[in-house]
Amino acid sequence: MTQPYKKKLIEVAIPLEAINAASAREKSIRHGHPSTLHLWWARRPLAACRAVLFAQLVDDPSSLPDQFPTPEAQEAERKRLFAIIEDLVKWENSTNEEVLERARAEIRRSCGDELPPVYDPFSGGGSIPLEAQRLGLPAYGSDLNPVAVMIGKAMIEIPPKFKDMPPIHPGIKERSFYRNAEGLAEDVKYYGEWMREKAWERIGHLYPQVDLPKEYGGGKATVIAWIWARTVPSPDPAFADVQVPIASSFLLSSKAGREAWVEPVVDRHAKTISYRIRQGGTKAELAAAKEGTKAGRGANFRCIISDTAITPDYVKAKGKAGQMGQTLIAIVAEGNRSRAYVEPKADHAELALSAKPEWSPETPLPNDPRNFWTVDYGLDTFGKLFTDRQLVALNTFSDLVHEARAQVQADARAAGMNPDETPLRDTGKGAKAYAEAVSVYLAFALNRSADRGSSICTWDSSPKMEALRNTFGRQAIPMTWDFAEGNPFSKASGNFLNNVDWVHKSVQLLVPAAAGFEAQHDAQTVQYPANTVISSDPPYYDNIGYADLSDFFFCWMKPAIRPVFGDIFGVLATPKSEELVATPYRHGGKEAAETFFLDGMGKAIANMAQQSSDQFPASIYYAFKQSEVAQEGISSTGWATFLQAVVEAGYAVVGTWPMRTEMANRMIASGTNALANSVVLVCRKKDASAEVITRAEFIRALKRELPPAIAELQAANIAPADMPQSAIGPGMGVFSRYKAVLESDDSPMSVKTALQLINRELDEYLGGIEGEFDSETRFAITWFQQNGNGKGDYGVADNLARARGISVESVKHAGIVESAAGKVRILTRDELAEDWEPESDGHLTVWECLQHLVKAHERDGISHDTAVLLKKIGSQAEAVKDLAYCLYDISANKRKDAKEATAYNALIADWAELTKAAAGIHDTSGDRQIRMGF
């Protein structure tokens, strides 16, 4: 029977290491990266999304036998496609039209010039639709969350409407051509600056300069931040009328030679506390400053006026009673080439406390102690997370978004733009729609200012920073005790112009190569366009409460953008009850939350399976919760629950590709037993005529099909750390192609059980490799598993060696172990002979070859010398690679030796490059010189 569809590249192989390296590197890219347009949690890296979409749409050479009739021809074509992906994933090529067009041409060729729409029904931060659009594909996204919908519209829907247009603001510099969204971005910057000037006229008096002390050169300086500490009444009855600071740190700068800290000065008689700035100090003084008034973990403090304990319950009671205050403890100003730390000024404190906001967000914070820590301390609405001066500033900028919208429309008409009054939400492209578009991005700058302008922000005293932190350092709102109130009119981090510039640079680099559409809709009932290709990044079980967190931004976005998208912002807060996240506090317990998630996710994925194209696989991302994985391993509850939903929805899982997107360096942490950060599931619609089989039949099918599939993954140099996740693909391919796998009692086998069986077969396969090695190597494997590099009894070693038809002396002669005083020990790599040569070794073993190669790789990486050694190992190379997989498994999973595991993992990660380098080396036998071939 012929296959009804062409296999796509992603179903066979992808250059995983290149994708992972580019994705990890992308985490350090800031200016211009689309993620800086607006904060969203757990975005997938653009490089990964771009590569996955390309591989999802391009034919695998095996599906084109007329063009590529032999395995060799197919492999050569795959390498060509891999080279395109390797160029495509580089950040510097994300706007390179030559590289992008090469990829688009391949997609058109595989799709018969009819480019299918790509849809992400959980679009969130918008990475997938954005990359579909970059590749020239009609891009669709939808999400239940209004903030996510606006991010999607700003990235894929608005820019194509105004593509290649010049800016409209007055006083434009002469320029021949504006590409993509460059003109739109320039107007965002111009009107952001206009807003800043207007705001300064209205509220600049609330942000006075400060007089610098003589040690900083004197004169006036702009304030960067005011440092406040929260206060409560002293629990000592004798000082109950004194507000005492509860500060987690008094340290302002920890830079060597330029340390600065706050010293509280207590006058018990006068019942007063004042604060002065200290420079330098002893180690003990600096250590004490770093602790503030803390007296243990959590909200445990000490009263600095009476030394009485301030307990968490006391702090909570005072907070809820409205008796938590704040006191100014330091001022940070712009100094000459460095920060200037100034003692608090009474007039500055009075001015800040005199601010009277006209409006404050009254949306209550959720009673979710896992992610929202302020509620117990009386900060129970989003408005209470801000000081009054911060609220005045944000209200002012919010009002100015509306004024800027009117100004842009007037300037657009004056510049000759179509005066059409059709609004943006009704596909307008005239002056009114353009003004609304610019105002959306200005509202994003407002939201960035909220993130940098709440009382959750703290001061980072580390030597490289000395700067204001933002609210969302993680996907939660923590409680802060000392906080930094930034100046929106300074030149330091968090100022309003900075926030405008982040947005401007992000818009400037968008590539709207096709139309984009973003809608607010739930994934369970959304209608897809015909012939849709699904690529989606759904919520991950109970990892992140997107709806609750995004209310922080929604409450500022709503008043600023409601006139533009009234249908989206016609609600009080973001939708909660329908959100597909297993949130125990919302559903009345863990089991009810899991049932809700599984049911809803099943419906959403079934909706995908029913409506999507038969000609293309779907790709679905899953991110791991590492704490759960650490406890439960590869069959963790969240992962198994998610896979169960996919299988029951009507998909067969035909591939799983692990994405290690968080690693700063693949040689660190990749050797541990931690799973990849996320996995891409490749899915096909399940055959309607799928059979029911028994557990025994399933195990037989696994034993038959999994070993060759794992061998192919090894041949593709999948890193050992990623092998357990990669092997799930072919394993689940067997499980999920059947209607059901029945247990002995006729109950259907769960995905969790299937995962455990797949993992068992992987272990057996890796263990079975041992039988193909020489006897000395097989001895060393078993001895290493039992003893590592430690000593063991000679008698045990002798029995082990005899069982393999050799003696301990034979292993010793091979240079693998030392034997003395009735003990046997495997030699470490550092103890191996420096002048070892495989050609002249009369007792060559795979063990020695691997250890010498790892030693060279640890020392030199992918160097000429390492490549020469691999070339000399020659015919043993594949056995050496197999042994590396085997020893990784033993080190990581059985001995829990992360350092040793890392060494083997790193070698395999570089195997393709090493092999390529070795192939370019020629052995000139006449003079025994090794030279590179160019």
Side-chain angles (χ1 to χ4, degrees), residues 538 540-542 582 590-591 593-599 601-602 605-606 609 620 622-658 673-676 679-684 686-687 690-707 709-710 713 722-768 889 893-894:
Y540 310 125
Y541 192 51
D542 65 344
K590 193 171 181 180
E591 286 186 18
E594 184 176 324
T595 300
F596 168 81
F597 174 82
L598 189 57
D599 181 57
M601 191 57 69
I605 297 173
I620 304 173
Y622 181 83
F624 285 96
K625 187 178 177 186
Q626 292 295 340
S627 59
E628 181 183 56
V629 166
Q631 294 164 9
E632 301 182 54
I634 201 167
S635 55
S636 64
T637 301
W639 173 223
T641 301
F642 191 83
L643 274 175
Q644 190 81 42
V646 171
V647 171
E648 289 179 359
Y651 271 130
V653 178
V654 297
T656 48
W657 297 109
N673 199 27
L675 293 177
V679 165
V680 177
L681 284 78
V682 184
C683 307
R684 285 278 187 182
K686 194 178 291 188
D687 192 330
E691 302 173 342
V692 175
I693 62 166
T694 65
R695 178 189 179 102
E697 288 171 318
F698 170 57
I699 292 172
R700 282 199 295 274
L702 272 185
K703 288 185 180 297
R704 185 173 60 249
E705 297 182 39
L706 204 52
I710 295 169
L713 291 169
D722 294 326
M723 184 58 76
Q725 292 300 359
S726 301
I728 286 173
M732 284 302 298
V734 175
F735 177 79
S736 59
R737 71 167 172 250
Y738 294 105
K739 188 174 182 180
V741 176
L742 298 182
E743 299 279 16
S744 56
D745 61 357
D746 284 345
S747 64
M749 179 184 287
S750 70
V751 164
K752 191 157 190 169
T753 301
L755 287 173
Q756 289 164 347
L757 291 172
I758 292 164
N759 206 32
R760 190 179 75 186
E761 290 302 319
L762 174 62
D763 280 347
E764 284 188 16
Y765 174 84
L766 293 174
D889 184 53
N893 302 327
K894 298 178 177 71

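We're numbering straight along the sequence, starting at 1.
Take Thr694 and apply the side chain to side chain contact (heavy atoms under 4.5 Å, CB included) test, not counting sequence neighbours, and it matches Ala696, Glu697. Remark: Lys894 pairs with Asp889 by the side-chain hydrogen bond (donor to acceptor under 3.5 Å, both in side chains) rule, at least two apart or across chains. For Ala606, the side chain to side chain contact (heavy atoms under 4.5 Å, CB included) test picks out Gln610, Ala649, with sequence neighbours left out. The ring pair (Phe, Tyr, Trp, His ring centres under 6.0 Å) search around Phe596 returns His587, not counting sequence neighbours. Residues passing the side-chain hydrogen bond (donor to acceptor under 3.5 Å, both in side chains) test with Ser744, sequence neighbours excluded: none. Arg695 pairs by the salt bridge (Lys or Arg N to Asp or Glu O under 4.0 Å) definition with Glu743, not counting sequence neighbours. Arg700 meets the side-chain hydrogen bond (donor to acceptor under 3.5 Å, both in side chains) test with no other residue; sequence neighbours excluded. By the side chain to side chain contact (heavy atoms under 4.5 Å, CB included) test, Ser726 pairs with Pro658, Leu713, Ile718, Asp722, sequence neighbours left out. For Arg737, the side chain to side chain contact (heavy atoms under 4.5 Å, CB included) criterion is met by Glu705, Val734, not counting sequence neighbours. Every residue two or more places apart in sequence or in another chain was checked for a side-chain hydrogen bond (donor to acceptor under 3.5 Å, both in side chains) with Asp746, and none qualifies. Applying the ring pair (Phe, Tyr, Trp, His ring centres under 6.0 Å) criterion to Tyr651, with sequence neighbours excluded, gives no partner residue.
The two residues Pro707 and Leu702 come nearest to each other via the heavy atoms CD-O, 3.5 Å. The minimum heavy-atom distance linking Val653 with Ser736 is given by the pair N-OG, 2.8 Å. Nearest heavy atom pair, residue Phe698 against residue Gly731, reads CE1-O, 4.3 Å. Between Ala727 and Ile710, the closest heavy-atom pair is CB-CG1, 4.4 Å. Between Val647 and Val751, the shortest heavy-atom contact is CG2-CG2, 4.4 Å. For the residue pair Gly602 and Ala645, the shortest heavy atom distance occurs at N-CB, 4.1 Å.
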Practice item. Show the numbers, then the answer: is there a side chain to side chain contact (heavy atoms under 4.5 Å, CB included) between Leu757 and Glu761? Key: CA-CA 6 Å; Leu757 291 172; Glu761 290 302 319; 5.7 Å; no

Check your understanding: Could you go step by step and tell me if Val646 and Met732 meet the side chain to side chain contact (heavy atoms under 4.5 Å, CB included) rule?
Key -> CA-CA 11 Å; Val646 171; Met732 284 302 298; over 6 Å; no

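To the nearest 0.5 angstrom, Asn893 atom CG is 8.0 Å from Asn759 atom CG. We find the CG-SG distance between Leu643 and Cys683 to be 8.5 Å, quoted to the nearest 0.5 Å. Separating the CG atom in Leu762 from the CD1 atom in Ile758 is a distance of 10.0 Å, to the nearest 0.5 Å.
Atom CD of Glu591 sits in a sparse spot, with 12 or fewer heavy atoms from other residues, nucleotides or ligands closer than 6.0 Å. Around NZ of Lys739, the count of heavy atoms belonging to other residues, nucleotides or ligands within 6.0 Å does not exceed 12.
Residue pairs meeting the salt bridge (Lys or Arg N to Asp or Glu O under 4.0 Å) criterion with at least one member in residues 642-656, sequence neighbours excluded, do not occur.
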